[in-house]
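Working notes, structure below.
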Amino acid sequence: MKFNFKPSPNYRDGQSTGRIMGELTLGLLAVFAFSLYYYFSNFSASYGLRAILLMITAIISACGTEILWCVFTKKDILNSLENSYPWVTAIILTMMCPLSIEYYALAVATVIAIFFGKLVFGGFGQNIFNPAAVGRATIFASFAGAATADIVTGATPTSSMAAQNWIINSAEGMSSFLKPFGGLGNMFVGLYPGAIGETSALVILVVGVILAIRKVIDWRVPATYLITLFVLGAGVGMMHGAPISYALFHLLTGGAMFGAVFMMTDPVTNPTSAAGRIMFAIGCAVITIVLRLRSNLPEGVMYSILIMNMLTPWIESLTDGQQIKMKSKNIRNLVILFAAGLAITLLVGSTIKPVAAGSAEAGATNGTETTYNVTQHGFQGDNQFEVVIDTAKGEVVSVKMTEFNDTPGIGDGVNDEYLSQFVGAKSEADVNAVDNVSGATYTSKSAKDAVLQALSAGN
């Protein structure tokens with residue numbers, strides 16, 4: 001029997017896995033370079049050098065794990081390294097961590113990320129979980145306290161918002177909350193301490209656009225995730241009277257930008273079809289904000305990726321088939337998913353309550369001087385202050401902390417010497433002129449708020 005074949009035209013693409021991973025590496029290093037600039041210029045050389053040493057530690061740990069795997073499985077070491085790209089996982093994991101993480105903790109997490117996140121599944125291209133996310137989850141679960149006291153970066157925007165139950169119900173409150181971090185503009189640029197590579201939304205977006213134009217990543221994923229996260233955040237904010245800056249805050253904190261550009265776009269662990277990837281991104285956004293609002297995990301991005309990695313096979317089966325014929329079905333499924341996600345988010349959002357505003361009670365009066373007992377929420381709990389105001393002059397006479405409920409060894413940097421700087425203050429400008437204690441940003445803010453509240457009550 002004779003068979004006749006007519007080959008179809010084939011499209012030849014210059015893309016290759018090597019080129020994609022190479023350009024992705026360059027993009028990551030560009031973001032890392034900005035972080036180095038920030039730490040070298042705003043802190044000291046020791047901070048920048050520590051970031052470099054952490055990166056080297058992770059890369060050596062990742063490559064070393066791959067080499068040992070090759071030795072035991074009798075594979076060609078050089079060929080395996082060239083086709084497995086362990087340094088990409090190491091770079092991403094390092095940039096997800098704070099500068100204060102101990103070297104040993106990062107090394108162990110990197111080994112677990114490479115071995116359990118990738119190699120046991122068969123190596124690069126066979127893993128079902130994002131390896132870097134596996135490593136970061138390991139740090140959260142086992143090395144949360146593995147931080148050196150020599151590196152102090154202060155409360156992050158994410159942890160500070162978590163202390164507010166992830167909601168602030170006024171424009172004034174949101175503005176006051178953002179001041180220690182330089183406002184939304186400064187958060188967008190990234191000039192504040194946080195995870196090594198997650199703070200500058202500007203740099204990450206620029207790199208993301210370049211990678212999308214170069215077709216290294218699928219632009220649909222970060223665009224869908226960020227838009228959905230914004231809409232969900234705006235919905236929750238509207239329920240509680242929060243300004244639009246609240247929704248924007250969700251985009252600029254907790255690694256949302258970094259995760260959207262560098263992790264959710266991983267072609268190995270997310271769906272292959274365009275519709276499937278959009279579903280993946282919507283699911284990540286819903287899980288991110290639900291975890292932020294109701295769990296004790298302040299970020300949510302990393303766990304949302306791992307959860308959606310588990311659902312990727314189901315999404316693949318749901319979108320399997322000729323995409324042109326399935327267009328109507330896919331659109332319907334996307335609308336249903338988004339509507340369900342919005343409903344779930346609003347339901348969860350309705351259960352949260354803003355942290356009660358601080359209170360000021362007038363105490364003893366001695367001539368024109370009145371003592372106010374003020375309670376203000378700090379990083380972990382309520383701090384109490386005794387503020388004496390000269391009501392005739394409208395100025396602060398003295399400030400003393402009477403009860404401290406923040407992190408021992410960090411927040412208690414707000415001591416009598418620091419509080420004495422408020423003596424003589426008459427206005428908000430005078431109070432804000434006092435610098436925050438390095439590493440105790442949120443405790444410093446509680447002290448400033450207490451002084452402002454006493455001044456307001458005394459005038």
Side-chain angles (χ1 to χ4, degrees), residues 17-40 45-72 75-121 123-125 127 129-139 142-143 146-148 151 195-198 203-204 207 211 216 255 258-259 261-263 265-266 268-269 302:
T17 302
R19 188 182 76 79
I20 290 174
M21 300 305 287
E23 293 191 19
L24 180 62
T25 301
L26 291 176
L28 287 164
L29 292 178
V31 178
F32 183 62
F34 173 85
S35 297
L36 292 180
Y37 161 76
Y38 170 71
Y39 284 113
F40 272 113
S46 63
Y47 280 60
L49 290 174
R50 182 177 177 83
I52 295 173
L53 291 175
L54 284 170
M55 183 68 74
I56 293 173
T57 298
I59 292 175
I60 291 176
S61 300
C63 293
T65 303
E66 293 263 3
I67 291 172
L68 289 175
W69 176 262
C70 291
V71 170
F72 284 111
K75 294 182 179 179
D76 182 83
I77 295 176
L78 184 60
N79 182 66
S80 294
L81 289 177
E82 288 179 347
N83 293 282
S84 189
Y85 314 102
W87 56 85
V88 174
T89 297
I91 293 173
I92 292 175
L93 178 54
T94 302
M95 293 171 70
M96 293 169 68
C97 295
L99 192 65
S100 58
I101 188 173
E102 292 282 7
Y103 293 107
Y104 79 87
L106 180 59
V108 172
T110 304
V111 171
I112 291 174
I114 295 296
F115 185 76
F116 291 103
K118 183 171 66 173
L119 295 178
V120 295
F121 290 101
F124 180 78
N127 49 292
F129 293 107
N130 186 293
V134 171
R136 190 67 178 100
T138 300
I139 292 173
S142 303
F143 300 108
T148 175
I151 298 293
I196 294 173
E198 292 183 348
V203 176
I204 293 170
V207 171
L211 293 179
V216 174
F258 185 86
V261 172
F262 293 112
M263 299 182 69
T265 54
D266 177 16
V268 176
T269 57
M302 176 264 298

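As the structure is a computational prediction, the values presented were derived from the model and not from experiment.
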For [X] and [Y], work out which heavy atoms get closest and say how close.
X: Ala58; Y: Thr94; answer: CB-OG1, 3.1 Å
X: Leu93; Y: Thr110; answer: CD2-OG1, 3.5 Å
X: Ile92; Y: Ala132; answer: CG2-CB, 3.5 Å
X: Val216; Y: Glu23; answer: CG2-OE1, 3.3 Å
X: Thr57; Y: Ala107; answer: CG2-CB, 4.0 Å
X: Pro86; Y: Ala62; answer: O-CB, 3.6 Å

What's the spacing between [X] [atom1] and [Y] [atom2] if we round to 0.5 Å?
X: Leu106; Y: Ile139; atom1: CG; atom2: CD1; result: 5.5 Å
X: Leu53; Y: Arg50; atom1: CG; atom2: CZ; result: 8.5 Å
X: Asn127; Y: Asp266; atom1: CG; atom2: CG; result: 6.5 Å
X: Cys63; Y: Ile77; atom1: SG; atom2: CD1; result: 11.5 Å
X: Glu66; Y: Leu119; atom1: CD; atom2: CG; result: 4.5 Å
X: Ser100; Y: Tyr47; atom1: OG; atom2: OH; result: 9.5 Å

> Counting heavy atoms not belonging to Phe40, are there more than 12 under 6.0 Å from its CZ?
Replying inline: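 Yes, the 6.0 Å shell around CZ holds more than 12 heavy atoms from other groups.
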
Side chains of [X] and [Y], heavy atoms from C-beta outward: is any pair under 4.5 Å?
X: Phe143; Y: Glu102; result: no
X: Ile114; Y: Trp69; result: no
X: Lys75; Y: Asn79; result: no
X: Leu24; Y: Leu211; result: yes
X: Trp87; Y: Met55; result: no
X: Phe115; Y: Val120; result: yes

Whether [X] side chain and [Y] backbone form a donor-acceptor pair below 3.5 Å:
X: Arg136; Y: Met96; value: yes
X: Lys118; Y: Ser84; value: yes
X: Ser35; Y: Ile196; value: yes

>> For Val207 and Val261: C-alpha separation, side-chain torsions, deciding distance, then whether side-chain contact (heavy atoms from CB on, under 4.5 Å) applies.
In response: CA-CA 9 Å; Val207 171; Val261 172; 5.5 Å; no

>> Asn83 vs Phe124, test: side-chain contact (heavy atoms from CB on, under 4.5 Å). Steps then yes/no.
In response: CA-CA 8 Å; Asn83 293 282; Phe124 180 78; over 6 Å; no

>> side-chain contact (heavy atoms from CB on, under 4.5 Å) for Phe116 and Thr138? Distances and angles first, verdict last.
In response: CA-CA 11 Å; Phe116 291 103; Thr138 300; over 6 Å; no

> side-chain contact (heavy atoms from CB on, under 4.5 Å) between Thr25 and Tyr85: does it pass, once the steps are laid out?
Replying inline: CA-CA 10 Å; Thr25 301; Tyr85 314 102; over 6 Å; no

